[in-house]
Peer 1: 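Right, I'll just put the structure down here and ask away after.
Residue numbers begin at 1 in each chain, while the letters A, B, ... track the order of the sequences.
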Amino acid sequence: MERESLLIATLVELADNLVDDYDVIDVLTVLCLRCVEAVDVDAAGVMLASPDGELQFVASSSESMTVLELFQIQTNEGPCVDCFRGGLAITNHALSETDGRWPLFTPRALAQGFRAVHSLPMRLRGRTIGALNLFRTHQGLMTDDDVLVAQGLADVATIAILQHRSTIDAGTLNAQLSNALNSRVIIEQAKGMIRQSTGCDMDEAFNRLRAHARNHNEGLTDLATRLVTKSIDAVNLDQWAKPKGP
Amino acid sequence: MTVRRLLDIFTIMERFEREGTNGYALCAVAAEFMALDGAGIAMISDSEDLTSLCTSNNAAGALMDLEITLGEGPAVDASHGDANEDTNLLKESASNWETYRPEAAALGARAVFGFPVRLGAIRFGALSLFRTTPGPLNAEQDSDAYLMASVIGRAILSTQAGGSQENLVGELNGASMLDFRVHQAAGMLAVQGSISVKDSLVLLRAHAFGVGCQLSELADRVVSGSTRLDSESREWIDAPEIENNE
């Protein structure tokens with residue numbers, strides 16, 4: 001698909017999601033997946049600040065991205081951490097062994113095949129609530145258009161979190177952030193159950209969860225909650241058909 | 001920010017322990033930490049009733065008893081839902097606690113706040129806070145309340161796992177408040193041992209304390225399959241070390 005039609009399709013899909021009752025983690029996951037298609041990047045992830053100011057992972061386009069995001073949180077170092085702290089975008093940062101900016105993060109990212117990183121702040125009225133992270137397996141500049149689109153998607157992600165129920169004030173924002181992060185915890189607990197019950201890996205466990213939720217028009221978090229509270233058994237989830245790769 | 005405020009919590013806990021004030025009564029820590037007039041912790045029992053775990057002073061105790069007797073109020077709502085508040089008990093307000101409001105006011109409270117104590121799909125109960133003057137929490141108090149609620153949830157798990165205060169401080173100091181590996185591992189153990197995810201989280205901690213390893217290390221071993229629970233005996237089984245000659 002042409003980039004323009006891809007973008008239109010992405011915006012329509014996200015807008016469609018946001019006018020209905022939606023699951024925050026699901027919308028953010030869709031956003032990450034579409035970023036990879038609409039912007040010239042290979043992996044995308046969203047990190048959010050918990051109410052007490054600690055950065056946390058909430059959604060990503062792939063498990064390898066998730067691992068790198070979690071690594072940044074653990075080591076407290078990396079593009080997302082810098083972007084979040086400074087509230088400023090990091091674009092077109094080429095990764096190389098000689099680059100000393102992130103001594104722990106860079107070798108990890110290189111080992112996973114990434115060559116360039118970008119991180120865009122998710123901002124709301126002067127407060128940075130998280131970051132959208134875009135990693136590329138090749139170096140070279142991301143075009144101005146790409147940066148514009150990516151920042152637009154980061155803003156959509158911010159809206160998705162805030163719009164998830166009612167008005168905006170400091171207390172509510174904290175409640176929204178707390179709920180989004182708590183949803184992610186439920187999903188991780190459910191992933192563990194699916195993995196153990198079916199013998200699949202964590203990536204596939206998540207895909208199964210999403211597929212079943214979508215097929216049955218159920219929120220991702222609601223379904224994960226039912227798994228954790230054992231009102232549905234993981235073996236009864238729909239099978240997930242692996243998309244045919246190029 | 002989290003680190004600084006966590007240290008503040010530890011400092012208060014240590015002082016209480018030195019002074020022999022009920023070990024580390026977390027509600028008293030909460031009230032002092034947030035500079036409020038009282039705090040209580042309500043727990044959801046196995047039979048889904050709300051019970052008082054501790055209260056920081058007589059007024060907090062009376063307020064908690066009132067709430068539990070009436071079945072309405074900030075802790076009741078927060079234990080099953082989101083954070084909530086009534087910032088002026090003497091004025092017409094949006095809160096639905098018709099019976100609770102005048103009686104809580106008669107006990108001296110003017111503003112009351114409830115925050116859920118939860119971890120993923122597991123609901124432990126609620127942190128209930130009050131002040132003798134009306135008005136909302138300020139931004140830092142609001143963030144602090146989420147941090148405190150998270151500390152309480154982890155303290156409950158740690159205590160149930162037979163952990164010492166050192167164990168708790170070690171856990172709270174861990175890399176991340178929402179360590180996803182731990183939650184994935186808990187999901188896996190829940191299936192392996194046919195137990196609840198909450199019991200899995202307790203079991204993980206008990207084993208980590210017992211063998212003296214980090215919770216996150218144990219979680220990694222569970223996720224990679226090198227440590228598991230026997231489905232019958234629920235004993236821990238370590239896979240034999242595989243020589244890695246790479």
Peer 1: Heavy-atom distances under 4.5 Å only: say whether V223(B) touches chain A with side chain, backbone, both or neither.
Peer 2: both
Peer 1: Considering only heavy atoms and a distance below 4.5 Å, find which of Q189(A), R195(A), M193(A), K191(A) pairs most often with chain B.
Peer 2: Q189(A)
Peer 1: I'd like to verify something: which residue of G225(B), A145(B), S200(B), G187(B) has the highest number of heavy-atom pairs under 4.5 Å with chain A?
Peer 2: G187(B)
Peer 1: Report the option among I195(B), V182(B), L201(B) that has the most heavy-atom pairs separated by less than 4.5 Å from atoms of chain A.
Peer 2: I195(B)
Peer 1: Tell me whether the rings of F135(A) and F114(A) are parallel (<30°), tilted (30 to 60°) or perpendicular (>60°).
Peer 2: perpendicular
Peer 1: Out of R228(B), Q184(B), K198(B), Q192(B), return the one with the most heavy atom pairs under 4.5 angstrom to chain A.
Peer 2: Q184(B)
Peer 1: Measure the acute angle between the ring planes of W97(B) and Y100(B), then classify it against the limits of 30° and 60° as parallel, tilted or perpendicular.
Peer 2: perpendicular
Peer 1: For the residue pair F115(B) and Y146(B), is the inter-centroid distance of their aromatic rings smaller than 6.0 Å?
Peer 2: yes
Peer 1: Checking side chain to side chain contact (heavy atoms under 4.5 Å, CB included) for the pair L223(A)/D23(A): CA distance, chi angles, key distance, verdict?
Peer 2: CA-CA 11 Å; L223(A) 176 60; D23(A) 185 280; over 6 Å; no
Peer 1: Tell me whether S197(A) contacts the main-chain N or O of I194(A) through its side chain, where contact means a donor paired with an acceptor under 3.5 Å.
Peer 2: no
Peer 1: Can you say whether L137(B) sits under 4.5 Å from chain A via the side chain, the backbone, both, or neither, judging by heavy atoms?
Peer 2: neither
